[in-house]
Amino acid sequence: MITFDWKGVLPAVTTKFTDNDELDFDAFDINLNAQLEAGVDGFILGGSLGEASVLSDDEKFALLAHTVEFVNGKVPVILNIAEQTTKAAVAYAQKAFDKGADGLMLLPPMRYNSEARETVAYLTTIAKSTELPIMIYNNPVDYKVEVTLDMFAELAAYDNIQAVKESTRDISNVTRMINRFGERFKIFTGVDPLAMESLVMGADGWVAGLVDAFPKETVAIYRLIKAKRYDEALAIYRWFLPVLELDIHPKLVQYIKLAEVATGIGTENVRAPRLPLIGAEREKVQKIINDALAARPELPVGSWGKLTEVAL
């Protein structure tokens, strides 16, 4: 089994498109490089923020192969699986392994409100089919199926199910998981505007969205919290919160891509049926971003950067 430490900041990266609606690897590399320089701990490809639902399988695996080559072993590369059938998900997991993925993020079945027995069977069938370590994406708010603590008790029998992206939006669920399972599952907060609260309560890491535009600030908050420098982390987090709240809107892709443009590490192109923002909505989001940039804080020395070069 492939192993790595499930911890730190894992950007759920956006997918970059050219004006002709092709994959834009040049723009993608600019963002990846900014993330690595900030000191992120891995990458997650093909999530909802990555516009997975409008990517072809060939495009998803092209992104995976490109990222694996670009990263060159510096950090893990994790591929999201969001499929409608168990058969398709198993095939996807196997191909991800063949293409060099280090791990998987796994959603319950898409477009079907599976009951507990069906959800567990789906997740465990995929786990049995691959050597890759797995993070379960638990997001009943957006995807309508909750992976409950009792279901995690069944999943604990599978060694490669190792982590959870906790997106129930119930911060107490971090404590419930720890109380019941100890360190069996690594817990990642998956909701940007609840990140500090979840990390203080014991989450091991942060699957982040606005990190795509503000990588240094995101890494700084995480590292300062883990160093118990809470006041310094809180000062950055309070500044960041209006921007972080862009992560919980149905148009989070457009919002975060607009922020990437503002910080110079992304493009605004989205794939239809999504369309770029216009009018009052665009002005509102742009103002939130501009206000943040105007008051961008100076980060404490050593709170971001490559881990080989920085120590808190």
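Sequential numbering from 1 along the given sequence is applied to the chain's residues.
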Mind running side chain to side chain contact (heavy atoms under 4.5 Å, CB included) on M196 and V200 for me, showing each step along the way?
CA-CA 6 Å; M196 179 160 182; V200 169; 4.1 Å; yes
Judged by atom type as modelled, is there a donor-acceptor pair below 3.5 Å linking the side chain of T130 to the main-chain atoms of I126?
no
Would a single hydrophobic cluster contain both L246 and V141, if residues Ile, Leu, Val, Met, Phe, Trp and Tyr are joined by side-chain heavy-atom contacts under 4.5 Å?
no
When you look at E37 and N33, which way does the side chain to side chain donor-acceptor pair (under 3.5 Å) test go after all the steps?
CA-CA 6 Å; E37 287 184 352; N33 193 56; 3.3 Å; yes
Is the closest side-chain heavy-atom distance between Y122 and E83 below 4.5 Å?
yes
Are E166 and V174 close enough, and set up right, to give a side chain to side chain contact (heavy atoms under 4.5 Å, CB included), and what steps lead you there?
CA-CA 8 Å; E166 166 50 47; V174 174; 4.3 Å; yes
Would you mind reporting whether L155 and T124 have side-chain heavy atoms less than 4.5 Å apart?
yes
Indicate yes or no: does R176 engage D170 in a salt bridge with an N to O separation below 4.0 Å.
yes
Given 3.5 Å as the limit, does a donor-acceptor pair link the side chain of K144 with the main chain of S114, or not?
no
Taking D192 for its side chain and L210 for its backbone only, find out whether a donor-acceptor pair lies under 3.5 Å.
yes
Determine whether V191 and M201 fall in the same hydrophobic cluster, where Ile, Leu, Val, Met, Phe, Trp and Tyr are linked whenever their side-chain heavy atoms lie under 4.5 Å apart.
yes
With a 3.5 Å distance limit and no angle check, can you tell me whether Q35 reaches the backbone of P215 through a side-chain donor-acceptor pair?
no
Look at the side chain of D204 and the backbone N and O of K186, then say whether any donor-acceptor pair between them is shorter than 3.5 Å.
no
How long is the gap from CZ on F240 to CD on E245, to the nearest 0.5 Å?
11.5 Å
Quick one: does any side-chain atom of R184 pair with a main-chain N or O of A156 as donor and acceptor, under 3.5 Å?
yes
For V164 and V147, run side chain to side chain contact (heavy atoms under 4.5 Å, CB included): C-alpha distance rounded to whole Å, both residues' side-chain angles, the deciding distance at 0.1 Å, then the answer.
CA-CA 10 Å; V164 55; V147 184; over 6 Å; no
Mark yes or no for whether R223, through its side chain, and G39, through its backbone, hold a donor-acceptor pair below 3.5 Å.
yes
Distance, nearest 0.5 Å, that separates CH2 of W206 from CG of L10
12.0 Å
Report the relative orientation of the aromatic rings in F28 and F25; use parallel for angles under 30°, tilted for 30 to 60°, perpendicular for over 60°.
perpendicular
Go through I136 and F152 one step at a time and tell me if the side chain to side chain contact (heavy atoms under 4.5 Å, CB included) criterion holds.
CA-CA 9 Å; I136 302 297; F152 273 109; 4.2 Å; yes
Please tell me if the side chains of D291 and P242 come closer than 4.5 Å, counting only heavy atoms from C-beta onward.
no
Using atom types as modelled and distance alone, determine if a side-chain donor or acceptor of S198 lies under 3.5 Å from a backbone N or O of A203.
no
Looking at D212, is its backbone amide N or carbonyl O close enough to the side chain of N31 to form a donor-acceptor pair, meaning the two atoms are under 3.5 Å apart?
yes
Using 0.5 Å steps for rounding, measure from the OG1 atom of T15 to the NZ atom of K60.
9.5 Å
Are the side chain of D41 and the backbone of V9 linked by a donor-acceptor contact shorter than 3.5 Å?
yes
Please check if L23 and I256 belong to a single hydrophobic cluster, counting links between Ile, Leu, Val, Met, Phe, Trp and Tyr side chain heavy atoms closer than 4.5 Å.
yes
Option passing side-chain contact (heavy atoms from CB on, under 4.5 Å) with I78 (candidates I134, I44, L45):
I44
Is it true that W239 and Y237 have ring centroids separated by less than 6.0 Å?
no
With clusters defined by side-chain heavy atoms of hydrophobic residues (ILVMFWY) lying less than 4.5 Å apart, directly or transitively, does Y158 cluster with L106?
yes
Please evaluate residues T14 and E260 with respect to the criterion side chain to side chain donor-acceptor pair (under 3.5 Å), reporting the C-alpha separation (whole Å), side-chain torsions for both, the decisive distance (0.1 Å), and the verdict.
CA-CA 10 Å; T14 58; E260 287 180 326; 3.0 Å; yes
